[in-house]
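Have a look at the structure below, then the notes.
If you read the sequence from its start, that first residue is 1, and numbering goes on from there.
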Amino acid sequence: MTDILPGARCTTMAEVRAGVDAIDRELVALLARRFAYMDAAARIKPGREAVRDEGRKAQVIANARAAAAQAGVPDATIADLWDALVEASIAYELAAFDRTR
């Protein structure tokens, strides 16, 4: 197995791709953990109408945008990604809610 180098130390595309692939695996694992919380929310919320919470959605996106800005990555891009993530999470949670009832 190839050692995963920090981006700044990569000198070949193979090293870059190995790093990206490793991070992608970590991101999927983190998303699996996040979606487990959607399962919990579906179980806990009293009604299907409680699944979509626009105030909470805005807060989550604002938090991600602020974290991105602090990390020095494009905050507008992160906000767009998080919008898609939250919408996917809502769809997942609605389906989970329906399965539990």
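In this structure, R52 pairs ionically with E87, as a charged nitrogen and a carboxylate oxygen lie closer than 4.0 Å.
The closest side-chain heavy-atom distance from K45 to E93 is below 4.5 Å. No side-chain heavy atom of R17 sits under 4.5 Å from any side-chain heavy atom of T12. The side-chain heavy atoms of R43 and D39, taken from C-beta on, include no pair separated by under 4.5 Å.
Residues A64 and I78 approach most closely at O-CG2, 3.7 Å, considering heavy atoms. The two residues I90 and V51 come nearest to each other via the heavy atoms O-CG1, 3.9 Å. Across D75 and A68, no two heavy atoms sit closer than the pair CA-CB, 3.9 Å. Residue S89 comes nearest to M38 through the heavy atom pair CB-SD, 3.6 Å, listed as atom of the first residue, atom of the second, then distance. When all heavy atoms of A18 and I4 are compared, the pair lying nearest together is O-CD1, 3.6 Å. Nearest heavy atom pair, residue G47 against residue F97, reads C-CZ, 3.4 Å.
Heavy-atom contacts from other residues, nucleotides or ligands closer than 6.0 Å to CZ of R33 number 12 or fewer. When the shell of 6.0 Å around CZ of R9 is examined, it contains 12 or fewer heavy atoms from other residues, nucleotides or ligands. For CD of E54, the number of neighbouring non-hydrogen atoms (other residues, nucleotides, ligands) closer than 6.0 Å is greater than 12.
Hydrophobic clustering places L81 together with V73 (ILVMFWY residues linked when any side-chain heavy atoms are closer than 4.5 Å, directly or through intermediates).
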Stepwise side-chain contact (heavy atoms from CB on, under 4.5 Å) test for D21 and R25: CA-CA 6 Å; D21 291 346; R25 287 188 296 274; 3.7 Å; yes
Checking side-chain contact (heavy atoms from CB on, under 4.5 Å) for the pair L31/L85: CA distance, chi angles, key distance, verdict? CA-CA 9 Å; L31 288 168; L85 174 60; 3.6 Å; yes
